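Bear in mind that the values here come from a model prediction, so they are computed numbers and not experimental data. Below, all heavy atoms of this structure are taken into account, side chains as well, without hydrogens, waters or symmetry copies.
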Amino acid sequence: MPYLHPICKPLPLVCLLCMLLLCSGVCQAQVQPQDTTRQDTLPQDTIRQTFNERMIQNLKQMSERKTIMGKLLKALLDFERDEEEVYGLDAELIQKEYELHNYKIVRHIDILSLDPFGYSISDTSRAPRNFFEKAGNSLHVKTGRGEVRNKLLFRKMEPLEPLALVESERLLRQTRHILDARIIVNEETTTNDSVDVFVITRDIFSLGGSGSYSPSSGRGRITLRELNFLGQGHQIEGTYKFNLNRPRPWEAAAFYSIENIGRTYISADLAYVDENYYKEKSFYLYRDFYTLNTKYAGAVGISRIDERIILPAAPEDTAARYGNVGYAQQDVWLGRTLKPKTYILGYEPRGRFILGARVINTKYNTIPTENFQDNVLMLGSVGYSIRKYYKDRFIFGFGRTEDIPVGTLFSVTGGYQDGAIWDRHYLGSSLSFARYAPSFGYLYSRVGYGSFLRDDQWEQGVLDVEAMYITRLAEWGNWKLRHYLLGRGTFGINRYPEELLSINNESGVRGFRSDMVRGTRRASFNYEANLYTPLSLVGFRLATFVYADLAWLSFGNQSSPFKEKPYSSFGLGFRLRNEFMSFSTIQVTLSYYPQLPPNTSMRGVRLYESSAPFYDFRNFQFDRPGVADFH
């Protein structure tokens with residue numbers, strides 16, 4: 001759940017927004033200046049220039065002067081650089097071209113790793129041109145060629161397996177410290193039995209972070225991260241919160257990750273969280289079904305968690321009641337894919353059958369009610385997955401190439417829980433699919449159900465439905481617009497009293513916060529219109545948005561959340577992001593809440609900042625067997 005920081009004095013942020021609007025003519029990184037070569041021969045009244053174009057032209061002339069202001073404008077602003085073309089957006093066409101090289105011997109692999117600033121992955125002749133780009137690259141540790149080579153699914157002097165080129169390119173792009181990647185076959189040197197491959201990657205500036213500060217209370221947060229420590233792909237992140245009005249004035253968290261240890265695609269995650277109401281120590285080794293042809297996946301991990309949960313409220317309660325729960329857990333799972341046989345030479349079927357088994361051992365040291373017990377949960381699952389990826393831009397990113405997962409995933413999970421007090425069985429199933437086309441957009445849908453069976457009674461059940469539609473990209477020059485629609489429903493069936501749903505933030509209504517507004521059945525609808533502008537300041541692209549959120553809550557197995565009056569929010573805001581840096585997205589939102597919960601400190605109008613996205617893709621990569629989520 002994103003952590004939202006209330007701004008007690010919104011004036012500085014309002015001023016920042018005004019400055020961005022006033023600078024709209026100044027900061028157009030991808031807008032070409034109007035051609036002035038014919039101004040001497042045309043009458044002045046026939047030359048139609050907008051206010052922005054006139055301002056750009058004047059600032060460009062100022063930047064060419066040999067003054068301090070001219071040098072500063074020339075260093076900060078980019079007047080002539082075009083929107084970078086994305087090579088190979090038609091992923092299906094590229095795959096068909098690559099299929100011509102299946103099973104050929106890879107003769108040479110040339111790797112070019114580019115620094116984040118001033119370079120282009122589609123035009124390798126482009127180079128940094130100003131002081132800031134050169135200075136930023138000098139502070140950056142570039143990804144080593146060995147690190148790039150470890151991500152490739154093909155090897156020198158070995159046959160080229162189907163999908164190896166396409167999947168390798170996608171895996172490189174999904175690496176957090178790499179902005180984009182291209183894998184190109186040298187058609188000029190290709191023969192009937194061998195190929196030469198050229199790999200180009202472009203880094204992001206891996207050292208970054210985020211933060212917030214409230215002048216009225218003195219509360220703040222600082223987050224620092226390094227996504228590519230010493231160029232080896234290790235990721236380090238630390239967060240510190242201070243001057244909190246909780247039992248303790250500070251909180252801290254640290255995370256360390258290593259990807260693809262020894263070219264095995266086994267990764268390691270280490271986490272330490274020390275907050276007032278949540279503490280965690282955990283370590284996991286895991287290997288995902290990272291490609292279609294991955295045969296084995298699995299994980300082993302240990303964790304110790306202590307947290308505070310909300311207990312059901314009594315009718316006379318005017319404040320939320322809490323309880324503490326603490327437990328240690330060991331988690332092991334293993335998965336195996338099976339490829340359907342095909343008798344068509346050179347054809348690679350995308351469908352896969354997946355088998356999975358998982359064991360979770362949980363020991364409680366603190367329990368708030370008698371519904372918590374030590375137990376061993378054993379789960380088994382069988383599924384069928386079809387997945388592929390398309391490429392597009394300006395969906396969730398600000399211009400980078402994005403891999404769009406589509407396909408179908410069906411799974412059935414069964415299990416047995418051996419408890420210290422009672423035993424029970426588990427049964428669950430889920431079905432999801434997604435479709436995409438540049439002229440249509442992206443459509444995703446999912447339905448899932450899971451429940452435990454104890455003494456012929458179903459308990460802790462949940463029915464979960466979700467549908468998301470993202471419209472096609474509408475373009476007016478360098479201005480781009482998308483609409484996002486998301487509908488979700490979570491319906492609890494015989495849930496325990498302490499298991500309650502909220503509508504806080506990404507659970508329903510963004511910016512909403514209340515511990516008293518809880519239920520066992522929830523429905524929500526979210527809409528957003530996102531306008532990607534060509535405005536840019538020092539590489540930070542600007543997007544503006546408007547949104548509307550509605551959420552309903554109810555209690556009981558037979559209740560309908562739509563019979564209750566919905567909580568809602570309407571607002572607008574802007575986002576700033578530099579795709580070449582690892583800093584979080586800067587988002588400022590002005591929201592209006594028509595209905596407020598009783599006994600709340602919320603205001604009807606809020607101005608707040610956030611760095612967490614509200615929407616995201618759902619992948620069709622088979623995950624570990626698990627119990628249906630209720631949150």
Check whether NZ of the Lys or CZ of the Arg Arg287 lies under 6.0 Å from the centre of the six-membered ring of Tyr296 and within 45 degrees of that ring's axis. no
Geometric class of the Tyr240/Phe242 ring pair [parallel <30°, tilted 30-60°, perpendicular >60°]: parallel
Is any side-chain heavy atom of Asn260 less than 4.5 Å from a side-chain heavy atom of Tyr290? no
Taking side chain as C-beta onward, heavy atoms only, is Lys295 less than 4.5 Å from Arg336? yes
Ion pair Arg176/Glu259, N-O distance below 4.0 Å: no
Six-ring centre of Phe452, Arg424 cation under 6.0 angstrom, axis tolerance 45°: yes
Using only atom types and a distance under 3.5 Å, with no angle test, would you say the side chain of Glu169 pairs donor to acceptor with the backbone of Ile183? yes
So, the side chain of Asn505 versus the backbone of Arg510: is there a donor-acceptor pair under 3.5 Å, distance only? no
Phe617 and ring pair (Phe, Tyr, Trp, His ring centres under 6.0 Å): which single residue from Tyr484, Tyr389, Tyr442 fits? Tyr442
Between Glu147 and Lys151, is there a side-chain N and carboxylate O pair less than 4.0 Å apart? no
Student check: side-chain heavy atoms of Val141 and Phe229 closer than 4.5 Å: no
Which of Phe353, Phe410, Phe620 passes ring pair (Phe, Tyr, Trp, His ring centres under 6.0 Å) with Tyr384? Answer is Phe353
Could you check if a side-chain atom of Leu427 sits within less than 4.5 angstrom of a side-chain atom of Leu453, using non-hydrogen atoms only? no
Heavy-atom donor-acceptor pair, Asn504 side chain to Gly508 backbone, under 3.5 Å: no
Salt bridge or not for Asp180 and Arg393, using N-O below 4.0 Å? no
Phe289 vs Arg352 side-chain heavy atoms within contact, under 4.5 Å: no
Are any non-hydrogen side-chain atoms of Tyr265 and Thr294 less than 4.5 angstrom apart? no
Is there side-chain contact between Thr143 and Thr201, with heavy atoms separated by less than 4.5 Å? no
Less than 4.5 Å apart, side chain to side chain, heavy atoms only: is that true for Tyr322 and Asp515? yes
Report the relative orientation of the aromatic rings in Phe117 and Phe205; use parallel for angles under 30°, tilted for 30 to 60°, perpendicular for over 60°. tilted
